[in-house]
Amino acid sequence: MSHWTKYPEPDQLLAKAGDFNKDEIPLTNGHLHTPYSFSAFDSVEQAITLASDQRVKVVGINDFNTVQGYKDWSEACNRFNLVPLFNIEMIGLNREDQKNHVKVNDPSNPGRTYISGKGITTAPLSGEVNEWLANALKNNNRQSEQMTELLNQQLIKCNAPFTLRFQQIKDELTKGQVRERHLVKALRLKVEEDFKYREEQWAFYKTLTGKDIASLESAGVENMLRGSLLKAGGPAFIPEDEEAYASVETIRDLILKAKGIPTYPFLGNALDGASTDFEIDLPQTIETLINRGFFSAEFITPRNSLDYLESAAQQLWDNGFLVTLGTEHNTPAMETLVPMAKGNTPISDQLQEINVKSVCILLAHQYLIEKTGEGWLDRNSGKPRLEKRDEFIKIGWEIIRGE
């Protein structure tokens, strides 16, 4: 059942809707991963509980290549009176950018492009979208299983008293999608099980990776293991098949078929204050994104300085883009769910207003797609219906107020 069936019809909702009030802006987080991909959270329930405890009112699930968590997310939000956003994250490849060695929002791989779909329908997806997601899951797990075999070869070489079992990792640590971070978490847990004393654990990690980890906590250990063993140059690294990547255009079309809004996640000035080739000239980036059919952007705020976020968000908003903020939580580290700029700098009122107005539009889009079939993007041109911006903000604001 769709999450939005419990809401009144649009004319009834609009009749009681109040105007957007910037003095009552709620906290929101538009990008959170869950255990359905990989997450700092042990469960959807934990994510929503923490969001409620931290007074985050609107929360967006944003897992890689899956919508399987939507039902749990919807039910947990209902229990805690939070407002859900239903999103997805995928990776596409722009082969022209790859050919020209242009790094987009992956700082290591030219052409590779992370893409979010915001406001995905909670109704059943089309066969084409479901088939693509099923194939993506199958390919991901096949690669993770191959990595597990290579990890075991390295463990045997280092005389480890154990090896890893892929099926056990899948059954005990995942919701069906096994990612690199699950493998290193399983490895850390096995080390802690077989080596009772920390000094023994440190010595084994040194043998396995050649690195000293005595000062690291669990999240740091897993990050070190992933970088040393699974990434380029590591003994369990498997080069990805670039031909297996769908084009950016294909990913965009899949999101549109899932009734969502294609969204570009900015890396921003995360590279020691610098931006990627694609993002370094923001006016040009905006023009290129529009030409590629993107009218929505998001920022993982802890990566970026407040000055950068304010400037970029304002330029994007002025050019008709939605701009939302999130934290990801797709590593083992448990940080605050309240989006903050780099250095735990609070988000400014200016930035928060743009973010929450954009969130209101996304909420209205989700609701109206289910109620009327017409969302934020024109169904023919794929462009935003900017003439309805105030109306969409008003609808979204009422959805937030009504929870």
Would a distance-only check, ignoring hydrogens and angles, find a side-chain to backbone donor-acceptor pair under 3.5 Å from Thr345 to Ala341?
no
Taking Lys170 first and then Glu145, would you say they form a salt bridge - that is, a charged N and a carboxylate O separated by under 4.0 Å?
no
Taking the side chain from Ser144 and the backbone from Val178, do they hold a donor-acceptor pair closer than 3.5 Å?
yes
Check ion pair Glu249-Arg252 (N to O, under 4.0 angstrom):
no
Side-chain donor-acceptor pair present, Lys57, Asn81, cut-off under 3.5 Å:
no
OG1 of Thr288 to CG of Asp97: how many Å apart, nearest 0.5 Å?
8.5 Å
Between Ser74 (side chain) and Tyr70 (backbone), is there a donor-acceptor pair under 3.5 Å?
no
Taking the six-membered ring of Phe20 (Phe, Tyr or Trp), confirm whether the NZ or CZ of Lys394 is under 6.0 Å from its centre and within 45° of its axis.
no
Counting distance only, does the side-chain N/O of Asn65 pair as donor-acceptor with the main-chain N or O of Leu137 below 3.5 Å?
no
Going from CH2 on Trp202 to OH on Tyr197, what distance comes out if it is rounded to the nearest 0.5 angstrom?
14.0 Å
Counting C-beta onward and ignoring hydrogens, is there a side-chain heavy-atom pair between Val56 and Leu82 closer than 4.5 Å?
no
Does a donor on one side chain sit under 3.5 Å from an acceptor on the other, for Glu370 and Thr121?
yes
How long is the gap from CG on Leu316 to OG on Ser296, to the nearest 0.5 Å?
9.5 Å
Test item: side-chain donor near acceptor, Gln201 and Glu192, under 3.5 Å:
no
Assess, by modelled atom type and distance only, whether the side chains of Tyr205 and Asp212 contain a donor and an acceptor separated by less than 3.5 Å.
no
Measuring from atom OG1 of Thr148 to atom CD of Gln153, what distance do you get when rounded to the nearest 0.5 angstrom?
11.5 Å
Are any of the side-chain nitrogens in Glu222 or Arg226 under 4.0 Å away from the carboxylate oxygens of its partner?
no
Under a 3.5 Å threshold, yes or no: a donor from one side chain and an acceptor from the other, between Gln315 and Ser311?
yes
Suppose we call two aromatic rings close when their centres sit under 6.0 Å apart. Are Tyr264 and Phe294 close by that rule?
no
Do Glu298 side-chain atoms and Leu325 backbone N/O form a donor-acceptor pair below 3.5 Å?
no
What do you reckon, is CD of Glu217 surrounded by more than 12 foreign heavy atoms closer than 6.0 Å?
no
Counting heavy atoms not belonging to Lys175, are there more than 12 under 6.0 Å from its NZ?
no
Please tell me whether Glu310 and Ser348 have a donor and an acceptor in their side chains that are separated by less than 3.5 angstrom.
yes
Just checking, is any N or O donor in the side chain of Thr28 or Asn355 under 3.5 Å from an acceptor N or O on the other one?
yes
Are Leu229 and Leu208 side-chain neighbours, meaning at least one heavy-atom pair lies under 4.5 Å?
yes
Quick one: does Arg379's side chain have a donor or acceptor within less than 3.5 Å of a partner on Glu374's backbone?
no
Which residue is it: His329, His33, Lys118? I am looking for the one with a side chain to side chain donor-acceptor pair (under 3.5 Å) to Asn62.
Lys118
Verify the neighbour count for atom CZ of Arg165: are there more than 12 heavy atoms of other residues, nucleotides or ligands below 6.0 Å?
no
What about the rings of Phe392 and His365, do their centers lie closer together than 6.0 Å?
no
Would you compute the distance between atom CZ of Phe295 and atom CD1 of Ile290 and round it to the nearest 0.5 angstrom?
6.0 Å
Let me confirm one number: the CD-CD1 distance from Gln68 to Ile88, rounded to the nearest 0.5 Å.
9.5 Å
Is the Tyr7 to Trp4 ring centre distance short of 6.0 Å?
yes
What residue among Trp73, Phe86, Tyr367 forms ring pair (Phe, Tyr, Trp, His ring centres under 6.0 Å) with His3?
Phe86
Pairing donors with acceptors under 3.5 angstrom, does anything connect the side chains of Asn139 and Gln143?
no
Give the ring-plane orientation class for Phe299 versus Phe266, where under 30° counts as parallel, over 60° as perpendicular and anything between as tilted.
parallel
Thr327 versus Glu335, side-chain donor and acceptor atoms under 3.5 Å:
no
Do you know which two heavy atoms are closest between Ala312 and Leu282, and how far apart they sit?
CA-CD2, 3.6 Å
Crowding at CG, Asp171 (>12 non-hydrogen neighbours, <6.0 Å)
yes
Is Arg79 paired with Glu45 through a side-chain N to carboxylate O contact shorter than 4.0 Å?
yes
Distance only, no hydrogens: is a donor on one side chain within 3.5 Å (strictly under) of an acceptor on the other, for Asn269 and Ser275?
no
For a quick test of reading the model, state the closest non-hydrogen atom pair linking Arg198 to Leu216 and the distance between them.
NH2-O, 3.9 Å
